Amino acid sequence: MGKFQVMEHPLIQHKLTIIREKNCGTKVFREVVDELAMLMAYEISRDMPVEDVEIETPIQRTTQKTLAGKKVAIIPILRAGLGMVDGILQLIPAAKVGHVGLYRDEETLEPHEYFVKMPEDIDNRQLLVVDPMLATGGSAIMAIDSLKKRGASNIKFVCIVSAPEGVKALQEAHPDIDIYTAALDEYLNEDGYIVPGLGDAGDRLFGTK
Ligand code: URA
């Protein structure tokens, strides 16, 4: 079973509280999601492999560390996942970005794929699939199915708020992937919202209703 990690760093928890607040407007919501994504990327990258490299400082030759692992691709699930891309790119600026477009049928809550555009070499990259909310798990499962069909195997899923129902469904469908979240909330309500959650992440990021 892959890792399941709630990121309890005080800055992450503090910023999450800011965006949960219903009076937090679009500008601050967007900025803080950006900061959260950056902080989460910092925590996730903690176990990236490094190797020795010989360099020359102005003083002498020396052996130091450099990143050695697979190159990264960030895969936002449209549309709310877009809000997490720039924050991660601040730390991993050479990452490629692929997109998976899914929409949720408002009646059945089932996800449907309408757009996929991936870097050519996703089979050779560490993929960070990002979506602020892991609710039923339907979108995450479908996005990861789609990536695996295209040859991807190194996949981490990164969300800001998760529901126990979504975590269970994702772990059952894709036991090999690691899941990172800033919070594991209480439950999903009958409208498919995470409780207490933060509402509709896409609407709050983009100022729509
Ligand atoms: N998607 C959201 O944006 N919010 C939820 O609470 C659940 C799914």
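The shown structure was predicted, so the numbers you read here are calculated from the model rather than taken from an experiment. Order of appearance sets the numbers: ligands from 1, and atoms from 1 within every ligand. Heavy-atom basis, side chains included; hydrogens, waters and symmetry copies ignored.
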Go through the steps to decide whether D121 and K70 satisfy the test salt bridge (Lys or Arg N to Asp or Glu O under 4.0 Å), and finish with yes or no. CA-CA 11 Å; D121 53 352; K70 290 183 185 297; over 6 Å; no
Quick one: do S146 and E113 satisfy side chain to side chain donor-acceptor pair (under 3.5 Å)? Show the steps, please. CA-CA 9 Å; S146 173; E113 186 176 292; 3.3 Å; yes
Are D145 and R150 within salt-bridge range, i.e. N to O under 4.0 Å? no
Other residues, nucleotides and ligands only: do more than 12 of their heavy atoms fall within 6.0 Å of OH on Y42? no
Out of the candidates V33, V32, V161, only one should pair with L16 under the side chain to side chain contact (heavy atoms under 4.5 Å, CB included) rule; please name it. V161
For ligand 1, what is the set of protein residues having any non-hydrogen atom at a distance below 4.0 Å? R104, M133, A135, G192, Y193, I194, G199, D200, A201
Electrostatic pair R79:D203 at N-O distance under 4.0 angstrom: yes
